[in-house]
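These notes are about the structure you will find just below.
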Amino acid sequence: MGFWPTRSKDKLYKQWSEYSGLPLEAIPKKEAAPKREVAKETPVREGGGGQRLFILYILLGVAILMLCAGVIILLMQVS
């Protein structure tokens, strides 16, 4: 199962309806998925992903710098 299971189910249903060889009247219509009820007390998060991405880039940069420093130290020890 993937991250978007409804998308893959939609694709499979479309392929089945195209290649089944059945007339259009015999193919059952796709049922709509029931929507979830959202409680009014639940706070809605908007945005917020930018800060996580910024921290991820900082950590990636630090890891690359540490790797480069380690390689340089190893090269100095070998020569």
Side-chain angles (χ1 to χ4, degrees):
M1 187 176 281
F3 292 107
W4 296 277
T6 55
R7 189 177 293 178
S8 62
K9 286 182 183 178
D10 290 343
K11 185 177 177 183
L12 286 173
Y13 183 82
K14 183 179 176 184
Q15 289 176 350
W16 174 78
S17 63
E18 287 177 1
Y19 299 113
S20 65
L22 297 173
L24 292 176
E25 299 84 29
I27 298 174
K29 296 295 179 192
K30 185 175 178 247
E31 297 175 2
K35 293 186 178 183
R36 292 189 207 174
E37 294 289 328
V38 177
K40 292 183 180 181
E41 299 87 28
T42 306
V44 177
R45 272 184 87 173
E46 295 177 3
Q51 186 177 8
R52 288 185 193 165
L53 195 58
F54 182 69
I55 292 172
L56 181 66
Y57 286 143
I58 289 174
L59 290 174
L60 184 63
V62 169
I64 290 173
L65 285 175
M66 290 177 63
L67 179 68
C68 289
V71 168
I72 290 171
I73 289 171
L74 284 175
L75 289 176
M76 290 175 61
Q77 294 292 329
V78 170
S79 5

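Index from 1, following the sequence.
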Which ILVMFWY residues can you reach from [X] by hopping between side chains whose heavy atoms are under 4.5 Å apart?
| X | value |
| --- | --- |
| Ile55 | Leu59 |
| Leu65 | none |
| Leu60 | Ile64 |
| Val71 | Leu75 |

task = Could I get the full list of side-chain contact (heavy atoms from CB on, under 4.5 Å) partners for Leu74, not counting sequence neighbours?
result = none

message = Going by side-chain contact (heavy atoms from CB on, under 4.5 Å), name the residues that satisfy it together with Gln15, two or more places apart in sequence or in a different chain.
response = Lys11, Leu12, Tyr19

